[in-house]
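Only one structure is covered here, and it is reproduced in the block below.
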Amino acid sequence: MERHFDTELDELKKRVIDMGTLAEGAIYKSVEALKSRNAELARGVIADDRDIDRLELLVDEKCIDLIARYQPMARDLRFITTGMKINAELERIADLAVDIAQRTLELVDKPLLKPLVDIPKLTVVAQNMIKWAIESFVKGDIELARKVVLSDPEANRLRDEIQRELIDDYMVKDGSTAPRAVQLLLIARFLERVCDHTTNIAENVIYMVQAEVVKHHPERLTDG
Amino acid sequence: MTDKIVTKDLNLWYGGFHALKDVNAAFQVNRITAIIGPSGCGKSTLLRVFNRMNDLIEGVRTGGEALIDGLDILAPDTDLVALRKKVGMVFQRPNPFPLSIYENIVFGVRIRGAKVSRSELDAIVESSLRGVLLWDDLRDMLRSPALRLSLEQRQRLCIARLLAVKPDVLLMDEPCSALDPQATARIEELMRELKHEYTIVIVTHNMQQAARVSDDTGFMLLGELIEFNRTEELFASPRDKRTEDYITGRYG
């Protein structure tokens with residue numbers, strides 16, 4: 001049976017996709033600004049965050065409106081509550097892009113500490129995870145959601161590698177590098193947090209599709 | 001948790017029509033169990049098995065078992081008067097007798113023939129009306145005709161009438177469908193109170209009501225019990241696609 005409600009759910013889905021596109025774009029731009037030492041681009045990321053905040057409120061309103069008017073059950077209910085949670089995670093991801101842009105602004109007028117290798121790698125991991133997480137939500141694709149969750153250890157490994165290098169090879173050997181190295185450490189930490197939020201999105205998608213909670217239960221992810 | 005009513009491969013036919021098909025379920029003490037499903041799915045038929053109301057319909061046959069406290073109530077030697085005292089029923093339209101409030105409540109006690117003193121009857125009226133939270137409102141008008149009461153009060157009175165004969169089980173067939181939302185909410189509150197003393201089974205078309213008020217829910221379709229689970233599980237994460245389609249409005 002055709003339901004008007006499905007049109008409403010599609011609209012919610014589109015808005016969540018928009019949130020995902022904006023959040024992922026913000027992460028990409030913030031690291032591009034770092035790589036190309038582009039203060040203009042970094043300031044753009046900070047300014048654009050207002051649009052993401054506005055969209056977050058719209059998505060929340062839409063979810064509450066749908067719950068109030070339709071009193072959804074079962075997968076409809078799980079879809080809407082998952083949409084709300086994903087929305088909050090994406091907004092946090094966009095905030096982390098702002099954090100990266102702010103650290104970048106601290107670095108643009110200082111000499112380059114080292115060529116960036118692992119931070120761009122970590123960025124690619126983070127961007128892929130966001131894309132897959134949103135796609136898994138849109139398609140209800142559990143395998144893709146699993147792939148996101150299973151990518152998180154790689155993000156942690158890269159962050160550890162970045163930390164080790166910055167501390168051992170720079171800060172310990174030459175204290176004058178510390179102010180710049182700390183900014184890069186923070187950026188690596190922010191990118192790793194992006195991956196954590198993305199993992200939360202994927203775990204919520206798994207709940208949405210198969211009504212099983214994998215959050216805080218990693219063993220359920222590999223069992224089947 | 002203790003099973004009060006258990007059905008084992010319960011079947012029921014109205015003549016050639018197979019209305020209940022191998023229903024296996026357990027209804028527990030001090031819990032509210034809701035039965036949901038589209039019209040004609042057999043939910044009211046199932047409810048009426050539990051006090052043998054279907055016996056009033058010609059050509060009804062049953063198979064399997066329906067146990068209450070471990071005894072098969074479908075057995076031919078079942079004492080129907082005792083069964084209906086133990087298993088009371090509330091209907092869609094409140095149906096008080098055209099008598100006073102007082103006489104409505106003591107009616108069941110009187111027709112059982114036992115000699116009961118006036119003061120005992122008074123005590124039954126008071127405790128029954130207290131049980132449905134009507135005592136304070138009606139204590140000064142017990143001799144007034146029951147038909148003067150509002151619909152909600154009439155429905156409460158009908159429940160009080162059951163309580164007077166000290167049942168174990170309350171069957172409710174769409175008990176709020178004639179009531180407005182506020183009265184519905186108050187009857188639901190009453191049900192939550194009553195479940196501490198009784199086993200309650202409610203049939204309802206109103207899924208939100210089933211979700212709000214019940215502890216367990218069964219979903220029926222075409223005479224089959226498709227799914228029976230704790231209410232929060234059934235409405236958030238149903239296991240069967242047919243349940244999912246029904247409760248999300250995709251059925252039909």
Side-chain angles (χ1 to χ4, degrees), chain A residues 1-13 16 62-86 136-142 145-146 200-217 220-221 223-224, chain B residues 32-41 43 174 176-177 179-182 184-185 188 202-222 225-252:
Chain A
M1 189 171 68
E2 280 290 314
R3 303 181 310 167
H4 174 69
F5 189 37
D6 288 323
T7 316
E8 301 260 33
L9 292 177
D10 278 345
E11 197 182 315
L12 170 62
K13 194 183 268 188
V16 174
K62 182 80 192 164
C63 292
I64 291 167
D65 171 61
L66 292 179
I67 291 171
R69 288 193 295 126
Y70 291 90
Q71 293 151 28
M73 301 279 194
R75 73 177 121 140
D76 296 332
L77 178 64
R78 299 200 304 273
F79 179 82
I80 295 171
T81 53
T82 302
M84 276 185 105
K85 288 181 181 178
I86 291 180
S136 73
F137 170 68
V138 171
K139 294 182 176 163
D141 183 339
I142 293 190
R146 267 200 189 130
N200 291 345
I201 294 176
E203 287 169 340
N204 282 310
V205 169
I206 292 172
Y207 168 72
M208 175 184 87
V209 176
Q210 61 183 24
E212 186 187 19
V213 178
V214 294
K215 204 170 190 171
H216 312 308
H217 292 283
R220 290 183 189 162
L221 202 67
D223 282 355
Chain B
I32 300 174
T33 304
I35 311 285
I36 60 168
S39 297
C41 70
K43 55 190 191 296
E174 297 276 1
C176 300
S177 62
L179 304 181
D180 69 24
Q182 283 84 10
T184 297
E188 288 175 6
I202 174 177
V203 160
T204 177
H205 266 116
N206 179 335
M207 263 184 301
Q208 270 70 35
Q209 177 169 61
R212 281 192 302 265
V213 83
S214 71
D215 302 293
D216 301 303
T217 298
F219 167 62
M220 292 187 69
L221 188 65
L222 302 171
L225 181 64
I226 303 295
E227 187 163 348
F228 190 95
N229 208 338
R230 286 187 303 130
T231 297
E232 62 267 35
E233 287 279 324
L234 190 127
F235 283 107
S237 319
R239 291 183 195 141
D240 194 289
K241 187 173 179 305
R242 290 167 293 180
T243 314
E244 172 107 31
D245 286 349
Y246 179 70
I247 63 177
T248 57
R250 290 179 173 92
Y251 170 85

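Below, chains carry the letters A, B, ... as their sequence lines are ordered, and counting in each starts from 1.
Smallest separation of non-hydrogen atoms from B:Gly249 and A:Arg3: O-CD, 3.6 Å. B:Pro238 approaches A:Arg78 most closely through the heavy-atom pair CD-NH1, 4.2 Å.
Rounded to the nearest 0.5 Å, atoms CG (A:Leu77) and OG1 (B:Thr248) are 11.0 Å apart. How far CZ of B:Phe235 is from CD of A:Gln71: 11.5 Å, rounded to the nearest 0.5 Å. A distance of 9.0 Å separates CE of A:Met73 from CG of B:Leu234, quoted to the nearest 0.5 Å.
At least one side-chain heavy atom of B:Arg250 sits under 4.5 Å from a side-chain heavy atom of A:Asp6.
For the pair A:Arg75 (side chain) and B:Glu244 (backbone), a donor-acceptor distance under 3.5 Å is absent.
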